[in-house]
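Numbering of residues begins at 1 and proceeds along the displayed sequence.
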Amino acid sequence: MKKIFNTIALAAAALSLTACFDLTEQAFNRIEADNFYQNEGSVKGAIASVYYTAEGSFGEYFFYLNEFSADQIAWRVWNGGQWGWDNAEKFVLSSHTWTSQSVIIQNAWNNTWGAIGECNSIINDLQTMDLEAIGVSGEKAAQYIDEMRTLRAWCYYNLFEVWGGALPLNTEVTSEVPPTADPDFDTSCKKIWQFMIAELDESLSNLPKNNVNRMNQATNRMIKARLLFNAEVFVKEDHYSEAASICQEILNGTYGTYALADDFRDIYEIDNVNCPEVIFALASEYGKSHGNAYNCRDVTFLPYNAFGDPDSIFGSNNDQGRWNCVIIAPSHDNSGTVLPTGGTDTGGKSFLFDYGDKLGAVYDRFDNRDIRKKAYHADEKGNWEGLFLMGPQVDYYTGEPLPADADRDGQPLVYVDQVGTFQNLGRDLATVMSPHWGETNSGFRMLRYPILPDVCGVDFRDTDEVEFRLAEVYYMLAECKLRAGDSAGAKELVNQVRKRYFKASDWTTVQNEPGPGFDAFDLDWMLNEWGKEFLCEGRRRRTDLRRYDVFTQGQWWFFGRGEGDDAYPAKRDRKYEWFPLPEAALTVNPGLVQNPNYVAEQ
């Protein structure tokens with residue numbers, strides 16, 4: 001963690017875009033640049049404020065859009081289909097039934113434009129002011145401008161993954177409402193894609209290297225690599241060889257000195273800015289950041305008694321709220337004899353081994369020898385292991401069973417790797433049920449970032465949110481090699497990352513095994529490795545699934561297996577490959593052109 005700059009009030013900074021899309025039409029009064037910028041410290045403060053805005057913009061709602069709609073994370077409803085239902089706001093993501101009126105899509109749109117607007121304003125200010133008069137050299141000015149251009153490209157990339165060619169494209173400070181980049185969706189995709197490529201190339205050379213909490217050269221190149229790597233999805237072109245070249249340059253140290261972490265836990269701990277694998281992380285400090293990151297990566301999974309005094313799973317009395325809503329996709333159906341604490345005696349049939357799914361079934365896809373596949377536990381010295389909350393949950397200090405709430409109020413809390421109404425509350429139990437029909441103990445939970453006992457003196461909310469890390473470069477290059485026919489090269493690169501998850505005595509065997517449920521080092525295996533390595537890291541899974549054409553065409557968990565009004569097709573309408581513009585945004589801005597697959601809804 002690094003201390004966050006005190007955020008300087010820049011009410012006017014978002015003028016160029018926020019005022020155009022904020023449906024409340026709030027008026028912003030611009031502060032004259034000459035009055036605001038007094039020295040280089042004020043320039044740094046303005047830039048720091050954009051990172052703060054970006055963390056708020058791309059935390060919570062983009063996590064929902066990209067994770068809940070994919071195969072590994074779901075928003076689970078409980079207590080007879082009532083608690084957590086929230087008018088199906090998040091369920092529509094997991095079931096692929098959203099529309100242009102869906103609340104989460106609307107909220108995501110409303111929260112996206114602030115950071116881009118601030119980038120535009122600061123770039124304009126720095127390009128038009130006499131910076132030397134306030135002690136900013138030409139060299140530093142060029143660096144700051146290119147930092148903002150790269151950050152703006154990253155912001156646009158996040159939007160582009162979701163809305164594609166329906167987006168407007170604006171880099172100016174203007175009161176005019178910008179239209180969609182081009183009326184034709186595919187042409188618009190190409191224009192926006194080319195804009196990002198050009199911005200990244202032009203802003204590269206002045207960026208620093210190895211500056212974890214700021215845009216740097218390696219982050220710039222990783223954003224471009226993502227654009228090239230996913231070009232078949234974005235612009236219907238194959239650019240894998242170009243993506244591979246950039247990845248190799250990063251591994252060669254051209255854009256900074258990085259290395260894979262020997263211990264994967266270093267990536268997620270309080271001093272992760274010093275981890276050699278971390279390339280860019282959003283600074284986090286409780287009370288000075290938005291909190292969206294730590295909400296999504298941990299808090300959404302946790303029950304009410306995760307924190308407390310005297311009862312607590314983690315030995316912590318942290319005051320952070322707990323949501324008890326999010327689970328990893330279950331590995332098993334609901335077959336077998338129901339147990340008093342929920343779940344069944346057999347644990348149900350495996351979606352991986354018995355149904356043959358290559359997606360979902362998160363826990364079963366981890367090798368039993370993988371050190372991550374353990375129940376999470378942290379000791380009073382700050383050492384921790386495992387990723388999952390599973391089975392009986394007990395008080396950290398006494399070992400006594402912790403109680404469940406809601407539909408199992410007063411019973412021991414026992415997490416099961418199944419989702420269903422085992423007490424027939426709301427509807428009768430079926431062999432396979434959607435996340436609409438869970439119980440308070442349905443589904444294993446996970447911790448992406450560790451929560452330590454209070455005696456360790458570490459607040460998990462102060463851990464920086466990792467957005468770019470070197471393992472992604474290894475995996476992009478591996479997939480490029482695999483698609484070019486070099487399976488051995490792909491295996492070698494992935495194994496360089498995987499090795500840290502196994503004991504040396506196991507690795508001799510494991511390194512030559514594709515993993516549970518897979519029998520070859522092929523594309524199915526590669527997608528599986530992507531899923532395990534970046535589980536619950538947000539914004540990666542949906543694009544991964546689309547690159548493999550399984551986002552709407554692949555089967556996992558409840559798709560094609562539910563009953564009655566809980567039935568959802570094994571293959572969904574391809575219109576869900578992109579999200580629609582929210583209906584309200586189209587009303588405010590007549591220049592926006594809806595994703596053509598959703599026009600019939602209007």
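- A salt bridge between Arg541 and Glu67 is absent, with no side-chain N of the basic residue lying under 4.0 Å from a carboxylate O of the acidic one.
- The pair Glu472-Arg226 meets the salt-bridge criterion, since a charged nitrogen lies less than 4.0 angstrom from a carboxylate oxygen.
- Side-chain atoms of Ser331 and Phe444, non-hydrogen and from C-beta on, never get closer than 4.5 Å to each other.
- Note on Asp573 versus Lys575: no salt bridge recorded, every NZ/NE/NH1/NH2 to OD/OE distance being 4.0 Å or above.
- Salt bridge present: Arg408 and Glu439 bring a charged side-chain N and a carboxylate O closer than 4.0 Å.
- Inter-residue side-chain proximity for Phe234 and Cys189 is flagged as unmet; no heavy-atom pair is nearer than 4.5 Å.
- Aromatic rings from Phe160 and Tyr156 are positioned such that their centres are separated by 6.0 Å or more.
- Arg498 and Asp367 are not joined by a salt bridge, as no carboxylate oxygen comes within less than 4.0 angstrom of a charged side-chain nitrogen.
- For the pair Asn107 and Glu60, the minimum side-chain heavy-atom distance is 4.5 Å or more.
- Ring centroids of Tyr268 and Tyr449 are separated by less than 6.0 Å, placing the two rings close together.
- In this structure, the side chains of Val326 and Phe68 come closer than 4.5 Å at one or more pairs of heavy atoms.
- Salt-bridge formation is detected for the pair Glu537/Arg448: a Lys NZ or Arg NE/NH1/NH2 atom is positioned less than 4.0 Å from an Asp or Glu carboxylate oxygen.
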**Q.** Test ring-ring contact (aromatic ring centres under 6.0 Å, His included) applied to Trp556 and Phe351, step by step
**A.** CA-CA 8 Å; Trp556 64 85; Phe351 291 119; over 10 Å; no

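- Side-chain contact between Asn528 and Arg365 is present, with at least one heavy-atom pair separated by less than 4.5 Å.
- Remark: Glu563 does not engage Arg427 in a salt bridge, criterion side-chain N to carboxylate O under 4.0 Å.
- Aromatic pair Trp85/Phe91: centroids less than 6.0 angstrom apart.
- The distance between the ring centers of Tyr363 and His332 does not fall below 6.0 angstrom.
- Taking the ring centroids of Phe388 and Phe366, they lie under the 6.0 Å cut-off.
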